[in-house]
Amino acid sequence: MANASFNEIYQALKERILAGRYSVKMRLPIEDELIEEFHSSRYAVRKAIAQLAADGLVYSVKGRGVVLLEHTPQTQQFNLALNNLNGLQSLNAERHLDYRTNVVSFQRRIVDQALSAQTAFEVGIPVYAIQRVRVVDGVRAVLDINYFNAQRIPELTQEIAEQSIYRHFQKNGLKIAVVKRMLRVETATPLDYQLLALGTNNCVGNMISIAFNDQGRQIEYTESHFIPNEFNFNELIRN
């Protein structure tokens, strides 16, 4: 093979990942192997891997190499977001809001076909299914609908869910490496009308998040329904 460009390496690796070629080990070959295979520079290989990471397909782990993130048609719709993984309680600490969490429902479920199609979790696995209302400055502003893979996270209780689930993960050594997020606007459901202070709104914002551990395995699917005129999102992009 002639010296491959960054884009040729990127396209070849992307096709292999999506075809499941590396799914058994959940890792890419090491850099030296890729350099030899593609007869390319280390810079071109690293640039290709960086683009795969930007696509939400891989994640570099120090001492472990480049780990593949589990991917399904659902997860591939999501954009990659590595910032602000700590959840609403961290936002509360920064903004000094009057904030509390009310757990509406807490149960363990076995994923069926319908839930698998929604969350990308495999049929038959146990999950924690949790519904929580976030009350911000006295307003029922956010409805979190959480599903966590019970086989890949520390044990959860309703008491933990009333506090900070992510803080519980951190205390127990679970590293959340990557979160993919999608923001969309949807028609309000009967549950939204029941649990949120929607007022005259007939729609909700929905921030959908899929979280992966540092082995590339999906551990969470969450929908956060929020009152559209209560929140805005800002991002600073540096070139």
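Quick caveat: nothing in here was measured; it's all calculated off a predicted structure. Index from 1, following the sequence.
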Ignoring hydrogens and angles, tell me if any N or O in the side chain of [X] forms a donor-acceptor pair with the backbone of [Y] under 3.5 Å.
X      : Y      : value
Asn149 : Gln151 : yes
Asn172 : Phe169 : no
Tyr128 : Leu156 : yes
Arg132 : Glu162 : no
Glu8   : Ser5   : yes
Arg152 : Gln218 : yes
Asn213 : Gln215 : yes
Lys180 : Gly56  : yes
Thr119 : Leu115 : yes

Between [Y] and [X], is there a side-chain heavy-atom distance shorter than 4.5 Å?
X      : Y      : result
Leu191 : Leu143 : yes
Gln11  : Phe6   : no
Phe212 : Ile176 : no
Thr189 : Thr187 : no
Val185 : Asn206 : no

Would Leu52 and Lys14 satisfy side chain to side chain contact (heavy atoms under 4.5 Å, CB included), going step by step from the backbone distance to the final call? CA-CA 7 Å; Leu52 293 171; Lys14 182 175 181 179; 3.9 Å; yes
Check the hydrophobic clustering (I, L, V, M, F, W, Y; side-chain heavy atoms under 4.5 Å; chains of links allowed) and say if [X] and [Y] are grouped together.
X      : Y      : value
Tyr193 : Leu195 : yes
Phe38  : Ile30  : no
Ile110 : Ile145 : no
Val123 : Tyr221 : no

Please name the pair of heavy atoms, one in [X] and one in [Y], separated by the smallest distance, quoted to 0.1 Å.
X      : Y      : result
Arg109 : Tyr147 : NH1-OH, 3.8 Å
Ala141 : Leu196 : C-CD2, 3.7 Å
Gly205 : Pro228 : N-CG, 4.1 Å
Ala48  : Ile9   : CB-CG2, 3.7 Å
Ala4   : Ser40  : O-CB, 3.6 Å
Leu68  : Leu28  : CD1-N, 3.6 Å

Please check if the number of heavy atoms outside Glu36 that lie under 6.0 Å from its CD is greater than 12. no
Is atom CD of Glu122 surrounded by more than 12 heavy atoms (other residues, nucleotides or ligands) closer than 6.0 Å?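 No, not enclosed.
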Is there a donor-acceptor contact under 3.5 Å linking the side chains of [X] and [Y]?
X      : Y      : result
His168 : Gln170 : no
Tyr10  : Asp55  : yes
Thr101 : Arg134 : yes

Between atom [atom1] of [X] and atom [atom2] of [Y], what is the distance when rounded to the nearest 0.5 Å?
X      : Y      : atom1 : atom2 : answer
Ser209 : Asn146 : OG    : CG    : 9.5 Å
Lys47  : Ile49  : NZ    : CD1   : 13.5 Å
Arg140 : Arg100 : CZ    : CZ    : 9.5 Å
Arg46  : Ser60  : CZ    : OG    : 9.5 Å
Leu13  : Gln51  : CG    : CD    : 12.0 Å
Met207 : Asp144 : CE    : CG    : 11.0 Å

Report the C-alpha separation of Leu174 and Ile153 in whole Å, then their side-chain angles, then the decisive distance to 0.1 Å, and conclude whether the side chain to side chain contact (heavy atoms under 4.5 Å, CB included) test is met. CA-CA 7 Å; Leu174 173 62; Ile153 65 168; 3.9 Å; yes
Evaluate side chain to side chain contact (heavy atoms under 4.5 Å, CB included) for Val66 paired with Glu31, printing each intermediate quantity in order. CA-CA 9 Å; Val66 181; Glu31 278 187 7; over 6 Å; no
Would Ile227 and Val139 satisfy side chain to side chain contact (heavy atoms under 4.5 Å, CB included), going step by step from the backbone distance to the final call? CA-CA 10 Å; Ile227 304 171; Val139 177; 4.0 Å; yes
Which salt bridge (charged side-chain N to carboxylate O under 4.0 Å, His left out) pairs, counting each pair once, include a residue from residues 187-198, with sequence neighbours left out? none
Answer yes or no: is there an ion pair linking Arg16 with Glu37, defined by an N-O contact shorter than 4.0 Å?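 Judged by the 4.0 Å cut-off on N to carboxylate O distance, Arg16 and Glu37 do form a salt bridge.
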Does Phe148 have its ring centroid less than 6.0 Å away from the ring centroid of Phe121? no
